[in-house]
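A short write-up of the structure that comes next.
Sequence lines set the chain letters: A, B, ... in the order given, protein chains first and strands last, and positions in each chain run from 1.
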Protein chains: 2
Amino acid sequence: MVMQQINPSSQPENLDAVFAALADPTRRAILTRLANGDASVSELAEPFHISQPAVSKHLKVLERAGLVERAIDKQRRPAQLKAEPMHEAVKWLEEFSKFWSSSFDQLDDLLEELKKSES
Amino acid sequence: MVMQQINPSSQPENLDAVFAALADPTRRAILTRLANGDASVSELAEPFHISQPAVSKHLKVLERAGLVERAIDKQRRPAQLKAEPMHEAVKWLEEFSKFWSSSFDQLDDLLEELKKSES
DNA sequence: TTGTTGCATAACCATATGGTTATATAAAAG
DNA sequence: CTTTTATATAACCATATGGTTATGCAACAA
């Protein structure tokens, strides 16, 4: 079983790719499935009722986001979950919520609107 | 080979839209800007160096995700942050991390902090 | 009334998705 | 050698993004 290092990048620029990868229900389901263990392309295609090339495409999107790595096992290319890049997404949400929770309340919004309407 | 429950949590329809909305750096910047207070289209366009129609398009994407609401103030259409849908994204990540316990300690910590700041 | 501001929308372009079927190829099975 | 299996890739289609410029329109400003 030879490992294949395809996308080790886990940088903030990758946030776009991570969020985009998570924006598809099939890909989220694939990730959840992979959380239960590695799976080959055909193993992934079966429960989702989509073609094998469709799964290969989804896996490419996930690979670009760094959320999946592929191995080589004879003819199979089992996909393996790599959740590190999800930390970036969580970190962004965390930063945002810090920022937002202090300033987001209905009173502040009302006051803001009032100030604008006064002018 | 029989697959059981692929997806642990039945997800709200617009989880797709929320993640997709967050997948663009300009939209994330717009959201951060709106966390400081409502802003009109032209106020948003200026710092991002993109055209006014481009901002209008981004706002439509954010509106469809439920992350932004528009007001009517004379000719202006100030955008207002609605962060609630982001909770869905956080919830999905939280559910996911439950399923994937291995080497997810860091993510668990981040999610804990997120839960605190949400309340 | 005329001009200006704020915004939406149309029209257009290039690229990415998300799916398909068809085909190519390598490895395993016979 | 032939066939089957597992996967990739090409070719194609429809739709969504992300940007532009052009244009229209309502609301203000003068």
Enumerate, in order of first residue number, the stems that involve DNA chain D, defined as 3 or more consecutive Watson-Crick or G-U wobble pairs with both distances under 3.5 Å. C:1-30 with D:1-30
Is the shortest side-chain N/O distance from S51(B) to OP1 or OP2 of dT20(D) below 4.0 Å? yes
Starting from C1' on dA8(C), measure out to CD on Q75(B) and report it in whole angstrom. 14 Å
Rounded off to whole Å, could you give me the NE2-to-P distance for the H49(B) and dT20(D) pair? 12 Å
Looking at residues at least two apart in the chain, or sitting in another chain, which of them share a side chain to side chain contact (heavy atoms under 4.5 Å, CB included) with Q52(A)? V41(A), S56(A)
Of residues 52-59 of chain A, the positions that come close to DNA chain C - non-hydrogen atoms, cut-off under 4.0 Å: P53(A), A54(A), K57(A), H58(A)
So, D24(A) side chain and R27(A) main chain: donor-acceptor pair closer than 3.5 Å or not? yes
CD of E46(A) versus P of dT7(D): gap in Å, rounded? 13 Å
F48(A) CZ to dT20(C) C1', straight-line distance once rounded to whole Å: 19 Å
Phosphate OP1/OP2 of dA8(D) contacted by R70(A) side-chain N/O (<4.0 Å): yes
Closest heavy-atom contact between P85(A) and N14(A)? CB-ND2, 4.4 Å
Spacing of I50(B) atom CD1 relative to dC7(C) atom P, expressed in whole Å: 14 Å
Can you list the residues that meet the salt bridge (Lys or Arg N to Asp or Glu O under 4.0 Å) rule with R70(B), with sequence neighbours excluded? E63(B)
Taking all heavy atoms of P47(A) and all of E43(A), pick out the closest pair and write down the distance. CD-O, 3.0 Å
Side-chain contact test, heavy atoms from C-beta onward, threshold under 4.5 Å: evaluate it for I50(B) versus H58(B) and give yes or no. yes
Across all chains, not counting sequence neighbours, the side chain to side chain contact (heavy atoms under 4.5 Å, CB included) partners of A23(B) are F19(A), A20(A)
Across all chains, not counting sequence neighbours, the side chain to side chain contact (heavy atoms under 4.5 Å, CB included) partners of S42(A) are S40(A)
So does K60(A) get a side-chain nitrogen or oxygen closer than 4.0 Å to the phosphate oxygens (OP1/OP2) of dA8(D)? no
Taking any heavy-atom pair under 4.0 Å as a contact, classify S42(A): base, sugar-phosphate, or nothing. sugar-phosphate
Just the rounded figure in Å: distance from P of dT7(D) to CG of L44(A). 9 Å
How long is the line joining CG of D16(A) and P of dA16(C), in whole Å? 13 Å
Quickly work out the R77(B) CZ to dT9(C) P distance and round it to whole Å. 9 Å
First locate atom NZ of K82(B), then atom CD of Q80(B), and finally report the distance between them rounded to the nearest 0.5 Å. 4.5 Å
Within the distance-only criterion (no hydrogens, no angle test), does the side chain of R77(A) pair as donor or acceptor with the backbone N or O of I72(A) below 3.5 angstrom? no
For dG18(C), does either OP1 or OP2 sit under 4.0 Å from a side-chain N or O belonging to R27(A)? yes
Of T26(A) and V41(B), the one whose closest nucleotide on DNA chain C sits nearer the 5' end is V41(B)
Would you say R64(A) places a side-chain N or O within less than 4.0 Å of OP1 or OP2 belonging to dT17(C)? yes
